[in-house]
Number of protein chains: 2
Amino acid sequence: MPLATNPVRRFAALDDTDRTILAELAADGRMPNNALAERVGVAPSTCLTRTRALRECGAIRGFHADVDPAAVGLPLQALVSVRLTAHERAAVDAFRARSVRLPGVVSVFHVAGAEDYVLHVRAASADALRDFVLDYLAVDPAVQHTQTSLIFEQARGRG
Amino acid sequence: MPLATNPVRRFAALDDTDRTILAELAADGRMPNNALAERVGVAPSTCLTRTRALRECGAIRGFHADVDPAAVGLPLQALVSVRLTAHERAAVDAFRARSVRLPGVVSVFHVAGAEDYVLHVRAASADALRDFVLDYLAVDPAVQHTQTSLIFEQARGRG
DNA sequence: CTTGAAAAGGTCTAAGT
DNA sequence: ACTTAGACCTTTTCAAG
């Protein structure tokens, strides 16, 4: 993949109306099209066309309910830093593909720096969290080292 | 706040139907109620009652569009670890309240361990990211030290 | 608590301005 | 891009099982 690749090109046509739609739907993903149109200041039909285009060009990747982890029996959260043994593309990509499928994994960040990955995970208990690290990461020959930081509290920003 | 506090109590009544609804809406937050009802195996009216109860008891905290950061002119992401100078509750809480309002902040994690906070931030460019750290964190007297790790790639897990 | 059916409201398409 | 109109679908309520 050449360094000159410019993925922003796809979004070049976005104007203020589009950005407002994105902000409103990021805040409330279930807002009816009528209400959205009024907030944005365009006709409902225009709003619908814009919203659909935003989904098709990839600016909107999907809609998701924000579920309280405690409600599904996973009250604990942690950030697990992972350093790999090898750093070729194949090993790195393979670890990412594997880690996103592990139970309790919310997000996988491939980062620059001393660590290679940071996993945001949820667990039912401290024991379950320990088991997650030991059973899925520590035994992985691709994993050289892990460090687990329990999350006391998470707050959402506003973009 | 006593250690014995048990916030799980609020969700004690959740059954299989509720958990299926949560899973479906987490995967597709815009699924129509009658499609959801069919997948879950109850009548649409029942499904609506359940879904509303899940929102009111806090199991569903909201619905959000998943917006591609690149679409809104913020193609860069980073994890910024923050160590505070003081660790009394007042200082810690104040920093959290401040940091969630900073521009580009996606999530704020209060973590156990050597660092106090990890900020997930978005930025328009490397310069903008540097400015964010210097202008908002480095100048903050409550902040002792920061470490910024650029995010090469983020992948979502499945809960 | 769940249900089916009726009423109310939103979505979507296609026309013309 | 906006408006209108109408078909279609979804949500919501409510009386009853």
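To find a chain, count down the sequence lines: A is the first, B the second, and so on, and within it residues start at 1.
Side-chain contact check for A/His87 versus A/Asp116: some heavy-atom pair is nearer than 4.5 Å. Using a 4.5 Å heavy-atom threshold, the side chains of B/Leu25 and A/Arg30 count as touching. Residues B/Leu36 and B/Thr51 have side chains in contact (heavy-atom distance under 4.5 Å, counting atoms from C-beta outward). Under the 4.5 Å side-chain criterion, counting only non-hydrogen atoms from C-beta, A/Leu129 is in contact with A/Thr148.
Under a 3.5 Å cut-off, the side chain of B/Tyr136 and the backbone N or O of B/Pro103 do not form any donor-acceptor pair.
Along DNA chain D, the nucleotide closest to A/Arg30 and the one closest to A/Pro44 are compared, and the more 5′ of them pairs with A/Pro44.
Distance, A/Met31 CE to C/dG10 C1': 15 Å, rounded to whole Å. The nearest whole Å value for the distance from the CG atom in B/Asn34 to the C1' atom in C/dA8 is 16 Å. The CD atom of A/Glu38 sits 14 Å away from the P atom of D/dC2 (whole-angstrom rounding). Atom pair A/Asn33:CG and C/dG10:P shows a separation of 11 Å (rounding to whole Å applied).
Using modelled atom types, one finds no donor on one side chain facing an acceptor on the other under 3.5 Å when comparing B/Gln154 with A/His110.
Note on B/Arg50: a side-chain N or O is less than 4.0 Å away from OP1 or OP2 of C/dT2.
Candidate nucleotides C/dT3, C/dG10, D/dC2 were compared by shortest atom distance to the side chain of A/Val42, and D/dC2 ranks first. In the set C/dG10, D/dT10, C/dG4, the nucleotide with an atom closest to the side chain of B/Pro32 is D/dT10. The side chain of A/Thr46 lies closest to D/dA1 when the candidates are D/dT11, C/dT3, D/dA1.
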Would you tabulate the pairs of protein nitrogen or oxygen atoms and nucleotide nitrogen or oxygen atoms of nucleotides 13-16 of chain D closer than 3.5 angstrom?
from: D/dT13; atom 1: OP2; to: B/Arg52; atom 2: NH1; distance (Å): 3.4
from: D/dT13; atom 1: OP2; to: B/Arg52; atom 2: NH2; distance (Å): 3.3

